[in-house]
Amino acid sequence: MTLPSRSHLVLKNPLLSLLQRSKSTSQILQIHAQLITNSLISDAFAVSRLVAALTSNALNMSYADTLFAQIPNPHTFIWNSMIRGHVQSLNFEEAFRVFDRMRKSGVVGDNHSYTFVIKACGLMMGVGEGREVHGEVVKRGFDEDLFVRNCLVGMYCRFGELALARIVFDEFCERDLVSWNTMINGYVGVGEMGKARELFDEMPERDVVSWTMMIEGYGKKVGCVSRARELFNEMPERDIVAWNSMIDVYAGVGDMDNANELFRLMPERNVITWSIMIDRNVRHGNSKAALDLFREMLCEGVIPDKVSVVGAVQACAQLGALDQGRWIHIYMGKSKIGTDVVVQTALVDMYMKCGCVDEASALFDSMSERSVVSWNVMIVGLGINGFGESALKLFHQMEALGVVMDDLTFLGVLSACNHSGLVTEGLQIFDKMRHSYGIEPKEEHYSCLVDLLGRAGQLHKIQDIIATHLPEHSNAALWGSLLAACRTHRNLSLAEMSSERLLDVKADDSGAYVLLSNIYAEEGRWEDVLSTRKLFSDRGMEKEIGTSAIEVDAGVHEFFNNDRSHCLIEEIRSVVWNLSKTMVSSL
């Protein structure tokens, strides 16, 4: 943006050079006071510098608005500073309103004005406003400006109007690298990789951003990991962002072997690299690997970010590694790593899953801010630890405080009632969800309700619910809950119906075959047992391998059924054998 003319006196004033270097709000406010004291606040150049300094920080926009309202005839530079400031502070609607006020006040905008407001239109998804501004750009002759055109292409891509974006792109008399990358990114964003590749091949020059966009498009948008890897291999040079993108492509589809191979080949890594590996390992059930990576990251002197910390805490929760979870909690405090609501919620979840209800409750009570997820985690945690009534109490506390609930809140409290056998309360919650809060139950809620009624032996109510509310092909969890209830209460006919439905929706579920076979065995129907097991065998199915994990001396040890690969297997077998002899001799 072009600064207004400045007087020799103002130019030499040390306050303005100090203003240009100021970073904190308090410094800028002190300089503002000095400008007033030195009678410089009426100078156009001084005011321009002050507004520019204030709008460079989103935290100062409220003060900037107040100052702006006191300027009698702001010129284009000041208007542009205000528009840009609101865009940077993510207040896109206000940015457009400031632009509109500028037009109505008779001030003529420049190319910077349109660049900022077009970005605002795109980011606030203001299709009508964007088209209006585009028309004005053409009318005012700014459509020949390369930066304005690039912003227009980006705006239409954000709207999903790729045809309009391409028209603007094709009208370019000249294009720079940003022009090509913006249009390619638009095609990548909607998964049109064919058109993206055509443009990519036409590019007169490419940078790392061009290659990385195509890699992410093939890998994440259309799931063609092999094409993504081909491009990665063809890159003339790779930066850390490109490496991270390719690793994330592999990790996103669960190919942790290839992700780990690239991770080890990287010439350098940043905290994002480590966070990707830790987070994806947790998501794919490799919690021990995630914790090992977290420890390795710390040993290499990399300071964790919130993503890696949350991943490590979630790994501890999945493994029941309480000591390590506590250590991470303490480490965060000593290292002064910021703990926002997401991190604190992850810690509450970890303590709950490790059975430390008091620690989880104390942390939850100390939280200055709670999201609905925080409340949900507490309710679920209380439920799985057998404190169903406390979970109900917390639910009623949410109601009293007016906390906005979601469907997971009700799923959590229904599950808590289920674990504690609170049938009446669970039915009341289910009814309240539908009629008081207008939340339509999903199959997961019905599954929980079926499990609740099944444990209480109220199979007749389950049959009524199935007949009146549920589609024929509901999810596997619902029919599995009903099948388990049928075994408990020896209802063979309903068990057969449940197993048929279960096999319809999840034909590869070995548990359904095993459970039905056990039900037949308990009823003495051995021919049906044999036929069920034969069907199980004919489909090439196997029982899921049992797994367990234990934390010893700050290390996590995993075990699998019939696995003898553990380094201490002989010592473990010796201890188990001696314990068995001791138990037998004590009888």
Side-chain angles (χ1 to χ4, degrees), residues 118-119 122-123 125 146-147 149-172 174-277 279-280 283-284 307:
I118 290 168
K119 286 182 180 178
L123 291 166
M125 297 303 290
L146 180 61
F147 296 103
R149 277 185 171 273
N150 285 342
C151 287
L152 284 169
V153 172
M155 179 188 74
Y156 283 121
C157 286
R158 287 191 65 86
F159 294 161
E161 297 185 0
L162 275 299
L164 285 174
R166 186 60 186 265
I167 289 172
V168 176
F169 176 82
D170 287 339
E171 290 175 348
F172 279 22
E174 62 169 324
R175 304 183 183 111
D176 62 3
L177 196 54
V178 175
S179 313
W180 290 93
N181 284 346
T182 302
M183 193 65 238
I184 289 172
N185 189 51
Y187 284 128
V188 168
V190 295
E192 291 190 22
M193 293 307 299
K195 292 182 178 180
R197 186 59 192 257
E198 287 177 9
L199 275 184
F200 180 78
D201 291 338
E202 291 176 19
M203 291 182 75
E205 61 173 329
R206 305 175 185 128
D207 62 1
V208 176
V209 175
S210 316
W211 289 91
T212 304
M213 284 190 303
M214 293 297 294
I215 288 168
E216 293 200 344
Y218 278 121
K220 296 179 182 179
K221 284 293 182 180
V222 297
C224 188
V225 178
S226 60
R227 295 290 295 275
R229 183 58 189 266
E230 287 174 9
L231 281 172
F232 180 78
N233 292 340
E234 292 171 12
M235 288 183 71
E237 59 178 286
R238 307 181 188 107
D239 65 1
I240 198 167
V241 176
W243 282 92
N244 286 345
S245 294
M246 193 63 235
I247 288 172
D248 199 26
V249 166
Y250 277 127
V253 297
D255 187 353
M256 297 309 300
D257 290 337
N258 273 313
N260 191 61
E261 180 185 358
L262 282 182
F263 176 77
R264 297 301 172 189
L265 289 172
M266 286 182 74
E268 63 173 326
R269 308 181 188 109
N270 60 11
V271 67
I272 297 174
T273 317
W274 292 95
S275 296
I276 289 170
M277 290 296 293
D279 177 69
R280 297 300 187 268
R283 291 191 185 189
H284 294 293
V307 176

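FYI, the numbering just counts along the sequence from 1. Predicted model only: the values in this text are computed from it and were never measured.
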Exercise: identify the closest heavy-atom pair between [X] and [Y]:
{"X": "Gly219", "Y": "Ala228", "result": "N-CB, 3.9 Å"}
{"X": "Ala165", "Y": "Cys157", "result": "CB-SG, 3.8 Å"}
{"X": "Cys151", "Y": "Ile118", "result": "O-CG2, 3.4 Å"}

Atom pair [atom1] ([X]) and [atom2] ([Y]), whose distance is rounded to the nearest 0.5 Å:
{"X": "Asn181", "Y": "Met213", "atom1": "CG", "atom2": "CE", "answer": "4.0 Å"}
{"X": "Phe159", "Y": "Leu164", "atom1": "CZ", "atom2": "CG", "answer": "10.0 Å"}
{"X": "Lys119", "Y": "Asn150", "atom1": "NZ", "atom2": "CG", "answer": "10.0 Å"}
{"X": "Asp257", "Y": "Leu262", "atom1": "CG", "atom2": "CG", "answer": "11.5 Å"}
{"X": "Thr182", "Y": "Leu177", "atom1": "OG1", "atom2": "CG", "answer": "9.0 Å"}
{"X": "Lys220", "Y": "Asp248", "atom1": "NZ", "atom2": "CG", "answer": "3.5 Å"}

Any donor and acceptor pair, going by atom type alone, linking the side chain of [X] with main-chain N or O of [Y] inside 3.5 Å?
{"X": "Arg158", "Y": "Met125", "result": "no"}
{"X": "Lys221", "Y": "Gly189", "result": "yes"}
{"X": "Arg280", "Y": "Met256", "result": "no"}

**Glu237 atom CD, over 12 foreign heavy atoms within 6.0 Å** = no

**Asked** Can you tell me if NZ on Lys195 sees more than 12 non-hydrogen neighbours from other groups inside 6.0 Å?
**Response**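 For Lys195, atom NZ is not crowded (no more than 12 foreign heavy atoms under 6.0 Å).
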
Non-hydrogen side-chain atoms of [X] and [Y] separated by less than 4.5 Å:
{"X": "Asn244", "Y": "Met266", "value": "yes"}
{"X": "Asp255", "Y": "Val225", "value": "no"}
{"X": "Phe172", "Y": "Leu146", "value": "yes"}
{"X": "Val222", "Y": "Arg227", "value": "no"}
{"X": "Val188", "Y": "Glu216", "value": "no"}

**Message:** Before we go on, tell me: are the rings of Trp180 and Phe200 under 6.0 Å apart, centre to centre?
**Reply:**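 That pair fails the under 6.0 Å test.
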
**Prompt:** Is it true that Trp274 and Phe263 have ring centroids separated by less than 6.0 Å?
**Reply:** yes

Side chains of [X] and [Y]: is there a donor and an acceptor less than 3.5 Å apart?
{"X": "Ser210", "Y": "Asp207", "value": "yes"}
{"X": "Ser179", "Y": "Asp176", "value": "yes"}
{"X": "Tyr250", "Y": "Arg229", "value": "yes"}

**Message:** Is there a side chain to side chain contact (heavy atoms under 4.5 Å, CB included) between Leu162 and Met183? Walk through the geometry before answering.
**Reply:** CA-CA 8 Å; Leu162 275 299; Met183 193 65 238; 3.7 Å; yes

**Item:** Among Trp243, Trp211, Tyr218, ring-ring contact (aromatic ring centres under 6.0 Å, His included) partner for Phe232
**Value:**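 That would be Trp243; it is the only one of Trp243, Trp211, Tyr218 passing the ring-ring contact (aromatic ring centres under 6.0 Å, His included) with Phe232.
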
**Message:** Assess the residue pair Val241 and Val208 against the criterion (side chain to side chain contact (heavy atoms under 4.5 Å, CB included)); give the C-alpha distance rounded to whole Å, side-chain angles, the decisive distance to 0.1 Å, and a yes or no.
**Reply:** CA-CA 9 Å; Val241 176; Val208 176; 5.6 Å; no

**Fill in**
Exactly one candidate in Glu192, Arg197, Glu198, Arg166 meets side chain to side chain donor-acceptor pair (under 3.5 Å) with Tyr187; the answer is Arg166

**Message:** Evaluate Met235 against Ile215 for side chain to side chain contact (heavy atoms under 4.5 Å, CB included), listing each step before the verdict.
**Reply:** CA-CA 10 Å; Met235 288 183 71; Ile215 288 168; 3.7 Å; yes

